[in-house]
Amino acid sequence: MVGLSEGEKHFIRGGIAQGIRTDGRRRLQFRALSVETGVIPQANGSARVRLGATEIIASVKAELGKPNILHPDKGKVSIFVDCSPTAEPTFEGRGSEELSTELSVALQRCLLGGKSGAGAAIDLSSLIIVEGKVCWDLYIDGLVVSSDGNLLDALAAAIKVALSNTGIPKVNVSLSAASDEEPEVDVSNEEFLQFDTSSVPVIVTLTKVGQHYIVDATSEEESQMSSAVSVSVNRNGQVCGLTKRGGAGLDPSVIFDMISVAKHVSQQFIAHLDSKISAAEAAAE
Amino acid sequence: MSAQAGTGTYSPAAAAGDKRREKREELRRHLAEDANWPRADGRSFHDCRPAFMQTGPTTAASGSAYAEFGKTKVIVSVFGPRESKKAMLYSDVGRLNCNVSYTTFATPVRGQGADNKEYSSMLHKALEGAVMLHTFPKTTVDVFALVLESGGSDLPIIISCASLALADAGIMMYDLVTSVSVSCFGKNIIIDPTSDEEAWQDGSLVVAFMPARKEITQLTLTGEWSDGKITNAVELCMDACSKLGDILRDRLKDTATLTSE
Amino acid sequence: MRDLHLSLNQTQRVRLEAALHELQSLAPAAASAAAVTVADTIPVNQEDNILKGHGTSDQDGEVVATLCGVVERVNKLVYVRTLRARYKPEVGDIIVGRIIEIAPKRWRLEINFSQDAVLMLSSMNLPDGIQRRRTAVDELNMRSIFEENDVICAEVRGFQHDGSLHLQARSEKYGKLERGQLLTVPPYLVKRRKQHFHNLAQYDVDLILGCNGFIWVGQHVVVGEKTKTTEDQQKSSADAENFTPLETRKHICRLANAVRVLSALGFTLTVELIIETAEASVTSNVEVNNMLGAEFYVQTAEREAKRRADLLRKKNGGR
């Protein structure tokens, strides 16, 4: 991230206070969103999302595995984010570790719900094949190709698109296996089950600069923030996860206000994203 | 040595607003009828574990604190302000470096200390709003947290213990940061969960709060919550945090009176 | 043609391709003939003593290009000039740069070049304006003149022996730039002209086209205010009421977006073109942030193709 001089920071703050940001957007406006699906043929589902100059590639791979002993009727999902050095030279090697971990954890929090599985975006019990023995392991990987602020929103959108593009192969279990042996599983190459992504939430990050909130901050605007709240909202308007990032303390009433603003903005964003997804899928066929 | 380093509980007030009282009565009635949700250690839903906190266990550090909340035991040491290693980067403000690690015997399964990196960055975020970084420019303050035993609600206890250690080290702060977490099970909200309760929760909410300034420095929410539930839970946590803040202040005053004698 | 990734629908794509095709056909034909890529042989008359210049090498007696670009011949010198070069500084260039480090008696600036440029303390006017020797106290107070991450404009004074640049900022019009935004474009899009400072009075906006590809669009600052010390400026910029007025801000955003669109299309940046693009966006009622959208992008390409065609026709008609 290039540094900013005091004069430029003052200009950015002024823009946000007056409602015109440096590229002309209003405070609650997202940048141009472009969506492509099926970019990685060997993955079960993939997507490439561009939000302004931030570019994310997400891929979903499903592999057969054993379910957790504590939850024998649920599959497993693991989310991992990698920040590539092509985005920033400082991301090479261990430089991006902190950021990647933070993003992975925030996404896990929003998509996987509570420990008991309630409120999860992905229904884990739909991933089970043979209870206690065989289940689907979903590996969701996000790659940050180019970073210009608002990585969390773009990652969540990319994962949502990738999941809508995911097809889990149909499985035939041979019933003749004895109960204590490993069952034979035949993975079909032709038939696929599409994922139901109606309950996958999107994340809206509200950045507080001065007295006002902005949506979809560029990395210059993020350097000016006093604090940021990322709210994950699903289609029903329920809050599925919330993370407050950034240094300054916030009055509780401000946080509640940000939650309601985020809900309002997220409904429009979900509609916009859905229309982009259908357009991308129509183009792919 | 000090018989004063006693316990205190920070259970939030039962009467903090009529609507909430009514809701709570209803909840309690609900829970009294519903035999499926008893708490293992005999607490009610809005009771917190007794808090034992003490300053000064580590003599090598500028400041340190030890906290024991039920089965969770945490020790935090603060070193600094010390010369920054990257001394060539001029900066007007100081740096706060946080590190959380689990001992190998902290969890029931050996070596299961997960969430280290995540907790380090969350601890940093919770504290950076309270520490006056501009009072120690060009230097670094290191906060090292060690979890000796993990019995649930780890991160909130680490945060509260760390702010006690920072105050003990004499770092200038705007206010103490105290933290409390709640779990939700269906419609019920229980405060200060143990690790068993955390393993089966439907959602959780962690709040780090500055009691005197009435500002939230960190808020993390998992699971599906409705608006009303969020408001309830946050107010519950803020109340508990204020009381915990009082316990911390008592502890610091004890230390001060001991050293001045 | 980078940086703006736009999803164009079918009609827009067709229009854009038509406009680009027309632009290509209008380009002078001689240029494409002399284009070479790496390892192409350069046609050379063997009897003359040809001097092999930059971008060429000798292989088995043949002159072979080591860069991709256009072959230029000047008397007996043959060299290859790249089209998308890194910034190549010359003495007297106006540059906009960002301070990255304060070193003893000098500031180091980043200017989109392979090395950092150096601005000596002695090449800078002191805040009190008196011409005197720089003392040790001045050295300690360097931070009060320019801090890290400040954006300043200066002029190239000369080269050091290791190739890095020396800058000077002695005139009143050079100095710290505030209240605006800095844009980065590829340096080959800014050609050397007589004037690089443009005061657009109708908008109350300053536009500075740095030869190194840094472009500053900001509120108009009266010449002479640029060398205030940092404390004075901090006092004035802390005022919330001191924000740039809304109308000026809108103009600044429009001009900045015009620069972004033009650089994404790869057109040479001149003041006239930038102003024309901004005016066109006003007349076609494009909202400020929609200037970065697909529709305006295609319209700008078409407009430029038309303009160049008109220019060529006038030139040919005039002959």
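It should be emphasised that the depicted structure is a prediction, and the values quoted were computed from it without experimental measurement. Numbered from 1 within each chain, the chains take letters A, B, ... in sequence-line order.
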One should read off an interatomic distance between A/Ser232 OG and A/Asp153 CG, to the nearest 0.5 angstrom, of 10.5 Å
Exercise for the section: Output the distance between atom CG (A/Leu99) and atom CG (A/Leu103), rounded to the nearest 0.5 Å. Expected result: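 If we round to the nearest 0.5 Å, A/Leu99:CG and A/Leu103:CG are 4.5 Å apart.
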**OP:** Go through the atoms of A/Leu250 and report whether side chain, backbone, both or neither lie under 4.5 Å from a heavy atom of chain B.
**Re:**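 A/Leu250 touches chain B through backbone and side-chain heavy atoms alike.
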(request) Using the side chain to side chain contact (heavy atoms under 4.5 Å, CB included) rule, take B/Ile247 and B/Lys243 through it: C-alpha gap first, then chi angles, then the decisive distance, then the call. (result) CA-CA 7 Å; B/Ile247 296 182; B/Lys243 297 218 166 71; 5.9 Å; no
Checking heavy-atom separations under 4.5 Å from chain B, one finds in residues 206-217 of chain A none
request  = Apply the test side chain to side chain contact (heavy atoms under 4.5 Å, CB included) to residues B/Phe69 and B/Ser153: give CA-CA distance (whole Å), side-chain angles for both, the deciding distance (0.1 Å), then the verdict.
outcome  = CA-CA 9 Å; B/Phe69 285 48; B/Ser153 197; over 6 Å; no
Of A/Asn236, A/Val105, A/Thr243, the largest count of non-hydrogen pairs under 4.5 angstrom with chain B goes to A/Val105
With side chains defined as the heavy atoms from C-beta onward, is the minimum distance between B/His124 and A/Glu98 less than 4.5 Å?
no
Using the rule side chain to side chain contact (heavy atoms under 4.5 Å, CB included), only one of A/Ile79, A/Val81, A/Ile56 pairs with A/Ile159; which is it?
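Testing each of A/Ile79, A/Val81, A/Ile56 against A/Ile159, the sole residue satisfying side chain to side chain contact (heavy atoms under 4.5 Å, CB included) is A/Ile79.
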**Prompt:** Hey, which of A/Leu107, A/Asp141, A/Thr101, A/Leu143 is the one that makes side chain to side chain contact (heavy atoms under 4.5 Å, CB included) with A/Phe80?
**Reply:**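 Looking at A/Leu107, A/Asp141, A/Thr101, A/Leu143, the match for A/Phe80 under the side chain to side chain contact (heavy atoms under 4.5 Å, CB included) is A/Asp141.
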Does a side chain donor of either A/Asp148 or A/Ser219 reach within less than 3.5 Å of an acceptor in the other side chain?
->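 Yes, A/Ser219 and A/Asp148 have a side-chain donor paired with an acceptor closer than 3.5 Å.
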Problem set entry | Heavy atoms from other residues, nucleotides or ligands near NZ of A/Lys263 exceed 12 (cutoff 6.0 Å) | yes
Check: What is the ring orientation for B/Tyr102 with B/Tyr119, classed by angle as parallel under 30°, tilted 30 to 60°, or perpendicular over 60°?
Finding: tilted
For residues 126-135 of chain B against chain A, heavy atoms under 4.5 Å, the residues are B/Glu128, B/Gly129
